[in-house]
Each structure stands twice: as C-alpha cells, then as structure tokens.
Amino acid sequence: LAPEGYASAGATWRAAEVGARVGVRAKALGFGSGLGPGLALGLGSAPVPLKAQGRGGAAGSFSATMGSLPQYGTTTAGKYKKRSAMKSTSAVSMLAIAALVIFLWVRLRQGEAPAPAPAGESRPGAGGIVAGGLAAQGQEGSAAASAAPTGGAPVLRTPAFRSLGEILEWNPDDLNVPEGLQDDLTTFDFNDVRQMREAQLMLDAELPFKIKNAPGATTAPEKWTDAYLTERIHARMRSEEELDVAPGGVSLVEVSLSNHFIYYDENVDDEKELSDWWAPTWQTKMPFKDWLRQAKLADVRDIGPDDPHMQWHLMTGARQIRADVKTIKSPYRDASEGLENLSALRYEFLFDDLPIFDARRAALAEVLSENNSEEEVTGVTANDPASFFIRDADEHRGMICHLGMRGGINEAHWDGDALWVAQGRGRKRYILSPPSSCPSLGIVADRNNPFFRQSEMDWSRFNERGVLAEDSEGHPGTGGSADPLKLERLGGAEALETMLEPGEVLFLPGFWFSYHVTMAGDLSVQCDSKATPEPQKGEGKIAACIGFENFYEY
C-alpha cells in the first residue's frame, strides 16, 4: 500500500491470494481479500467483478497494480469461475481501497510506468507464463530494425513497412544474401521478462515478430542432424494397423518442375472455362531417406530455379492430440498423473524436441494453475512455456513440418489461422505483407478457381514483368507480360522482410500474406503450430478485398 505501489506489486498480489484462500477470515489479513477486485474494478484495466473468485481475483489485482498488460488479469481471472467467492470487505476497508485506487489512477494518468518486476518472477497470465523465472533481465535482443531493449516501459513496436518493389530488388531466385540485409522484424528474447511483455503486446495487436531462446527451438538446430532425423522419422511409433497410414518414414512429397510451389485445390467446382486447367505441382509418397539424398545433392549440384524441386511434409495429426488434451483436463483424472498414461503419438520426438508446441503440456499447465498447484508434475508447471505459445489447447491441431531443398519458393498466399513457425534447421527468407495490401497483390479472389487465395504474380520475375499463377482461364505458369497497372500496384504494396535463422520462432498473424524462400547451404526444416486465439483484425480487410460472398463461403 506504499505510495510507490508498483514496487510492492508482488507482495500485494500474494496478500490478495492468501485473502482469497481463507475467505471470510481474510479480514484478519488487512486488505488481502478486497484489494484485488477493488483495484482491478477501479482502474478499469482488468475488469474483475467485486466478488472476484479465488486466485483469479488475486491475479486481477496483480495485473491492475502493475498497470501494464491488463489482459493477463482478465484472462486469468476468467479461468477460476469455479472458485468460492471472496467475501466483501468492511466499509472502512473499501474506503481505504477507493482512496488508493484514485491515487494510482492519477499516477497512471501522469504517464508513470510500472517498475520492472524482479528478474525471475513469473507472471500470472493468459496461458500461464510471460518468460518469468527463466533468466535474469538485461540480455540483448537480436539485430533487427526495431531492436527490443531491456529497460523502460513496454511499448508496442509496430514494424516500419517498406515497399514490396524495394524488397524485390533482391531477386528471390538469387540465394546470395546481400551485405547489410535489413531485417524488418523485432526479435524478442524469451528469457527476458520485459521483452516478452512487449511480445505479448505484438501478439494482441496481431503483428509479426520473432522470438529467440525459446525452449527446444534453440537446441533443435544441433540436434536435428541427418542421422537423427532419419532414425526418428523412420521409427514406427505405433503399429501400422493402429496408424492406418503408410509405414514409418514414408510421407507426402510435393514435386515441382521449377523452384516454385503454389497451393492449389483440385477439388473446386471447375465449371465455366476451368475444366482444362493443369496442376503446377504433383504429389507422391517417398521415404524420408530418399528425399534427404535428393536434398543433399541439390546443394552439391548447385541446382537453379529451372531445376526440379521437392518438398517433404510431415504431419503429426490432430485427432490424438485433442483426445489427450481432453483426457488431461477431465475432472475425473488425477492431475498428479501429468503426462503419463497417454497415447504414443506419431513422430513423438517432435513434441519432445519442441515442447513449446505440445498442447498436452499447455493443457496440464492450465489444470495445475486452476488447482493453485506450484508443484512440477512430469516436468510441467503451471507456468510452462507451452502456455505462451498455445492459448487454447482444446483447439490445437498438432504440428506440420515442412522440409525443403535450396531455392524452393512458396508463393504469396494468406491463411486464416495465425501460426508459430519454428526454424529447426537451415534458413528461410520471409516476405510478409499485411491484409490491407490485398488489393495490390493480385490475389485470386474466385473461390471456384483452383488457385484461390494465391497471388497470380511471380515475384521472382517482378523486374521482368512476368506472370506466374494463372491467366484468365486458370492456366498456371503461362508467362507473358503482366498488366502494367498490376505491376505498379504490386511494387507499391506494404511489406516486411526477415531472415528466419535456425532456432528462431516467427509469429505469423492470421490473414497476413507470406512468401518464403529456402536459402542455400543446408536443407530447411521448419515446424508450424497453430496460434490461438483466432485472429480478428485482418478478416474484414480480406473479405472486402476478395468479396464477401467468396470469403464467407471459404
């Protein structure tokens, strides 16, 4: 209750937590039970009701007192609706609290920032942790156009857009990285509390950024050797009868006669004049060791844009993950079982190596948090890092890993899901463009076209005035000259560029356009995980761009 207020935030939160636990006897602890809901309600930064419940009310107090990321308090408080209600405080206590609220409100209006929490203190929040307790503050952010400093109040680091024409001066077919390449994304250190509070602001604003030092992601580049991947991928996790798929190590391979890969849907309603379109790539199945041999030869032979390329895809599946999450969160299951007695997953090593993408860990962390447990159960705590990357374990779909050889380009497209992208090996050049750029990117808007959601423009031929995806009849790769007006609008579109290095994790917001190139020197291994909650900010812009009738049928 000191005038400084912010410096004693941790003690205030703990007092409120204890008050919540003892209920009516909280009066003996001074303002313990009433402080949380009073502050949160008064400041309006974490709207917790006066009868805040259990530890959720205490977390609301902590959030409001810190005055930084109020969404932590509200989300956390919402998880504890089954806790017994806190008793109201006496009239004298409420008057004292009201006075304190007014004082803190004035301080906030004056623009004073909360003091950073001590190094090593965990943050109760939506999804559990904001890098607290992992390391001391003060570590440098990685080199970026907008570096994440370690001191001062958290700020929203909106990236500075450049024109797509400027970025494409480095032809995507050219794998020689220019000196002094500008990285337009901020990189946050997962071990730095303050930086991760800024990352949370970026996440809520649905803006792209990168994270370094995320658990598992930093060790994957050294661990995922050729021998390691071959052994793990070819091992049978369960019997073929149980999996009902091809034997271990055999998966889907996408083949292109050039370095371009563009998504297409061959199951669209191909009426009108689309009956004679042809697919730009084809799919087959191939053992991983055979694909790996081709990927290694691609670097040895220094293959170019006009040579065949192959991408190998590995999917962990969603059905078993969701079943395990449901089991973990069952009220009839003892939380002390943790991650034991669950089903063996296909390619389980991926979840061992990238625990931040394991929805089972996030689900268990949620259970432990609801139980006010501070214990570690099968290596998981209530503040498990997976909670930051997976906010809704019930809706998680596992992982999809894409393995690519040098020079492979995935054409510009948008996805409705927000994604975390972990670069486990190799490097990838990413060009990102916001949903507002949709009218400038030549996006195929007709959902009856096989190339719906993709850009019709070949960005690697921008300076040659070429076309890639389709002509008016849906024929891909026809070449020829593009409309000058289209090229002018394409070059003026807002865009960002980043080089995703091994061990880094990229946040790719939903409805943003992405275009990525696998660099030379090593094969690329990247794994994607759905980021939740569902994106909101870009939906309307995409719907207006492609037509509401097309978008909402999609």
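Here, residue 1 is the first one in the sequence, and each next residue gets the next number.
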Answer yes if the side chains of [X] and [Y] hold a donor-acceptor pair under 3.5 Å, and no otherwise.
| X | Y | value |
| --- | --- | --- |
| Thr381 | Glu376 | no |
| Ser437 | Glu494 | no |
| Asp183 | Thr498 | yes |
| His402 | Gln311 | no |
| Asn259 | Asp307 | no |
| Asp290 | Gln294 | no |

[X]/[Y] ion pair, N-O < 4.0 Å:
| X | Y | value |
| --- | --- | --- |
| Asp353 | Lys223 | yes |
| Asp226 | Arg425 | yes |
| Glu501 | Arg427 | yes |
| Glu395 | Lys530 | no |
| Arg333 | Glu340 | no |
| Arg194 | Asp192 | no |

Give, for atom [atom1] of [X] and atom [atom2] of [Y], the distance between the pair rounded to the nearest 0.5 Å.
| X | Y | atom1 | atom2 | answer |
| --- | --- | --- | --- | --- |
| Leu368 | Arg361 | CG | CZ | 11.0 Å |
| Asp174 | Asn176 | CG | CG | 5.0 Å |
| Arg360 | Leu364 | CZ | CG | 11.0 Å |

Subject >> Main-chain N/O of Asn191 paired to Asn213 side chain as donor or acceptor, under 3.5 Å >> reply: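 Checked: no pair found.
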
Original post:
Counting only N and O atoms by type, is there a donor-acceptor contact under 3.5 Å from the side chain of Thr327 to the main-chain atoms of Ala323?
Top reply: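 Yes, Thr327 side chain to Ala323 backbone: donor-acceptor pair under 3.5 Å.
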
Ring centers of [X], [Y] separated by less than 6.0 Å:
| X | Y | value |
| --- | --- | --- |
| Tyr430 | His516 | yes |
| Phe209 | Phe188 | yes |
| Phe288 | Trp312 | yes |

Within a 6.0 Å radius of atom [atom1] on [X], are there more than 12 heavy atoms belonging to other residues, nucleotides or ligands?
| X | atom1 | value |
| --- | --- | --- |
| Glu375 | CD | no |
| Glu222 | CD | no |
| Lys541 | NZ | no |

**OP:** Output, in order, the C-alpha distance, side-chain angles, deciding distance and verdict of side chain to side chain contact (heavy atoms under 4.5 Å, CB included) for Met405 and Lys296.
**Re:** CA-CA 8 Å; Met405 57 179 56; Lys296 304 294 284 187; over 6 Å; no

Subject >> side chain to side chain contact (heavy atoms under 4.5 Å, CB included) evaluation trace for Ser529 with Arg397 >> reply: CA-CA 8 Å; Ser529 170; Arg397 299 197 297 258; over 6 Å; no

Original post:
After noting the C-alpha distance and the side-chain angles of Lys210 and Leu500, does the key distance pass the side chain to side chain contact (heavy atoms under 4.5 Å, CB included) rule?
Top reply: CA-CA 8 Å; Lys210 297 191 293 185; Leu500 193 59; 3.8 Å; yes

With a cut-off of under 6.0 Å to the ring centre and 45° to the axis, is [X] in cation-pi contact with [Y]?
| X | Y | result |
| --- | --- | --- |
| Arg453 | Trp414 | yes |
| Arg391 | Phe388 | yes |
| Arg232 | Trp224 | no |

Subject >> Residues in side chain to side chain contact (heavy atoms under 4.5 Å, CB included) contact with Thr518, at least two apart in sequence or another chain >> reply: Lys428, Ser524

**OP:** Using the six-membered ring wherever Trp is involved, compare the ring planes of Phe190 and Phe389 and label them parallel, tilted or perpendicular (cut-offs 30° and 60°).
**Re:**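 Geometry flag for Phe389 against Phe190: parallel rings.
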
**OP:** Applying side chain to side chain contact (heavy atoms under 4.5 Å, CB included), run through Leu156 and Leu207 and close with a yes or a no.
**Re:** CA-CA 10 Å; Leu156 179 63; Leu207 292 171; 4.2 Å; yes

**OP:** Please lay out, stage by stage, how Asp394 and Arg322 fare under the test salt bridge (Lys or Arg N to Asp or Glu O under 4.0 Å).
**Re:** CA-CA 6 Å; Asp394 298 298; Arg322 291 184 174 180; over 6 Å; no

Original post:
Are Phe357 and Leu350 side-chain neighbours, meaning at least one heavy-atom pair lies under 4.5 Å?
Top reply: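 No, too far: nothing below the 4.5 Å cut-off.
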
**OP:** For the residue pair Ile211 and Trp420, establish whether any side-chain heavy-atom pair is separated by less than 4.5 Å.
**Re:** yes

Original post:
Can you list every pair that meets disulfide (SG to SG under 2.5 Å) and has a residue in residues 379-408, with sequence neighbours left out?
Top reply: Cys401-Cys527

